[in-house]
Amino acid sequence: ERCYPTTCGRTTNHYYGEVFRELPGAASACACEQLCLEHYAAGCRSWVYLDLVDAEGEADHTHQMCYLQTGAEMRTGSHPVAGFVSGAIGPVLTGFSTVTTP
C-alpha cells in the first residue's frame with residue numbers, strides 16, 4: 001500500500017484578490033481550498049491560508065485563518081513566508097446537459 005502526501009497551494013506563488021470572507025479555524029490549506037470551492041457561487045476564485053504558532057507567555061497558541069478571495073492574480077517568484085500558503089481553484093463544473101443522437 002502506498003501513501004501519497006496531500007498538499008494544496010504553494011508557498012512561492014502568491015495569489016491576490018479581494019478578500020470577501022475570513023474563516024477562522026480551517027484545519028489545513030486543503031480545507032481552505034475546499035471552503036473556496038464551496039463558496040464558488042459567491043465568487044471565490046483563490047484563497048490564502050495562514051497557520052502560525054505564537055509563543056505567548058508560557059503557552060503556545062495557533063492562528064489558523066482561511067481568506068477567500070474573488071480574484072486570482074498570481075505573482076510568481078515570491079519568497080516563501082512562514083505560515084502562508086495560497087492557491088487558486090481550477091475550472092469548476094457547474095452544470096452539464098446531455099444530447100441524444102439519432
Side-chain angles (χ1 to χ4, degrees):
E1 187 173 314
R2 289 186 163 189
C3 293
Y4 296 95
T6 302
T7 58
C8 298
R10 296 176 172 247
T11 58
T12 56
N13 295 340
H14 295 285
Y15 289 87
Y16 295 89
E18 182 178 336
V19 174
F20 74 94
R21 183 136 325 143
E22 297 179 10
L23 301 169
S28 67
C30 291
C32 187
E33 181 174 15
Q34 180 61 39
L35 288 167
C36 188
L37 287 166
E38 291 171 8
H39 289 86
Y40 177 82
C44 192
R45 299 299 180 268
S46 63
W47 52 271
V48 175
Y49 177 67
L50 168 66
D51 186 9
L52 295 175
V53 177
D54 290 336
E56 187 173 282
E58 294 184 19
D60 289 346
H61 67 278
T62 61
H63 297 278
Q64 295 172 315
M65 182 68 75
C66 177
Y67 298 94
L68 303 183
Q69 304 176 138
T70 57
E73 178 188 342
M74 182 177 66
R75 297 184 188 166
T76 60
S78 301
H79 296 289
V81 178
F84 283 86
V85 178
S86 65
I89 59 173
V92 175
L93 178 65
T94 58
F96 69 94
S97 62
T98 59
V99 176
T100 305
T101 57

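- Side-chain contact between Leu35 and Arg21 is absent, with no heavy atoms from C-beta onward closer than 4.5 Å.
- Sparse packing is recorded around CD of Glu18, with 12 or fewer heavy atoms of other residues, nucleotides or ligands lying under 6.0 Å away.
- Residue Leu52 is grouped with residue Tyr67 when hydrophobic side chains (ILVMFWY) are merged at heavy-atom distances under 4.5 angstrom, including chains of intermediate members.
- Within the model, atoms NE2 of His39 and CD of Gln34 stand 11.0 Å from one another, a figure rounded to the nearest 0.5 Å.
- Looking at every heavy atom in both residues, Ala26 comes nearest to Tyr49 through O-OH, 3.1 Å.
- Under the 4.5 Å side-chain heavy-atom criterion for Ile, Leu, Val, Met, Phe, Trp and Tyr, Leu68 and Val19 are members of distinct hydrophobic clusters.
- The SG atoms of Cys36 and Cys66 are placed at least 2.5 angstrom from each other.
- Taking every heavy atom of both residues into account, Ser46 and Cys44 meet most closely at O-SG, 3.4 Å.
- Atoms CD and CD, on Gln69 and Glu22 in that order, are 10.5 Å from each other to the nearest 0.5 Å.
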N/O donor-acceptor pairs under 3.5 Å from side chains in residues 81-102, not counting sequence neighbours:
{"residue": "Ser86", "atom": "OG", "partner": "Asn13", "partner atom": "O", "Å": "2.9"}
{"residue": "Ser86", "atom": "OG", "partner": "Tyr15", "partner atom": "N", "Å": "3.2"}

